[in-house]
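Heads up: the structure comes next, in structure tokens.
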Amino acid sequence: DTDLDGSDSQVSGTLKLIFYNSIFDFQFEDLLVDLLYKNNTAKNVVDFILNSNSNFPERLALFKQLTGDKLKDVLKNNGFSDFGSEFRVLRDSRNNFVHRTFEVDFDNLEHCFEIIERDMLKVFVFLHNKYISIR
């Protein structure tokens with residue numbers, strides 16, 4: 001018996017929490033792959049690097065190594081500071097839900113969901129244009 005047996009809004013919130021984190025992780029990995037390929041990294045080396053840097057802090061460090069910039073600073077300095085801070089809340093909530101409590105205070109995540117829904121696509125388009133696209 002889990003808290004997922006509760007209201008439709010709890011189920012919906014739980015799915016959004018997991019889904020948005022998964023989309024971010026997928027998009028961020030895709031950005032890292034593109035950055036590695038842009039640096040002429042061989043496919044087998046790309047796979048090795050991603051497998052060796054599989055958790056989020058390691059991937060943030062990899063982003064900094066490849067770009068010279070901290071993701072947090074890039075987001076903050078380009079009008080996405082709300083996204084960065086709200087995404088940290090979302091990631092922490094997901095990790096707490098999945099690894100500890102199976103409980104989430106979804107009322108406190110509504111603003112977070114709004115920011116993520118508003119900005120996630122814009123953030124990754126911006127990052128792609130800034131670091132991958134040839135101008």
* Asked: Rounded to the nearest 0.5 Å, how far apart are CD of Q65 and CG of N53?
  -> 8.0 Å

* **Reported NZ-to-OG1 distance for the pair K130 and T67, which is rounded to 0.5 angstrom** => 8.5 Å

* Asked: Under a 4.5 Å cut-off applied to non-hydrogen side-chain atoms, are D69 and Y131 in contact?
  -> yes

* Any side-chain heavy-atom pair from L90 and F113 closer than 4.5 angstrom? -> yes

* Asked: Do other residues, nucleotides or ligands put more than 12 heavy atoms under 6.0 Å from K16 NZ?
  -> yes

* Structure fact -> Value for CG (L127) from CG (L75), rounded to nearest 0.5 Å, stands at 6.0 Å

* Path from V33 to I23 over hydrophobic side-chain contacts below 4.5 Å -> yes

* Asked: With no hydrogens and no angle check, is any side-chain donor or acceptor of E58 less than 3.5 Å from a backbone partner on S54?
  -> yes

* Is a donor on one side and an acceptor on the other found under 3.5 Å between the side chain of D30 and the backbone of F26? -> no

* To do: Look up atom CZ in R118 and atom CD in E114, then write down how far apart they are to the nearest 0.5 Å.
  => 9.0 Å

* Structure fact -> Between E86 and C112, the two heavy atoms sitting closest are O-SG, 3.0 Å

* At what distance, to the nearest 0.5 angstrom, does CD1 of I132 lie from CG of L31? -> 5.5 Å

* Residues in side chain to side chain contact (heavy atoms under 4.5 Å, CB included) with D119, at least two apart? -> F80, F83, I115, K122, V123

* Structure fact -> Distance col, row S93:OG vs I18:CD1, nearest 0.5 angstrom, shows 11.5 Å

* What are the two closest non-hydrogen atoms of L17 and N21, and how far apart are they? -> O-ND2, 2.8 Å

* To do: Output the rest of the hydrophobic cluster of L121: all Ile, Leu, Val, Met, Phe, Trp and Tyr residues reachable through side-chain heavy-atom contacts under 4.5 Å, sorted by chain and number.
  => V125

* Step through the shown structure and confirm whether more than 12 heavy atoms of other residues, nucleotides or ligands are within 6.0 Å of CZ on F19. => no

* Is R91 close to D25 at the side-chain level, that is, under 4.5 Å between some pair of heavy atoms? -> yes

Return all side-chain donor-acceptor pairs below 3.5 angstrom for residues 42-52, not counting sequence neighbours, or 'none' if the list is empty.
residue : atom : partner : partner atom : Å
K43     : NZ   : D47     : OD2          : 3.1
N51     : ND2  : D47     : O            : 3.2
S52     : OG   : F48     : O            : 2.8

* Asked: Is the Y20 to F87 ring centre distance short of 6.0 Å?
  -> no

* **Any side-chain heavy-atom pair of L71 and F28 under 4.5 Å** => yes

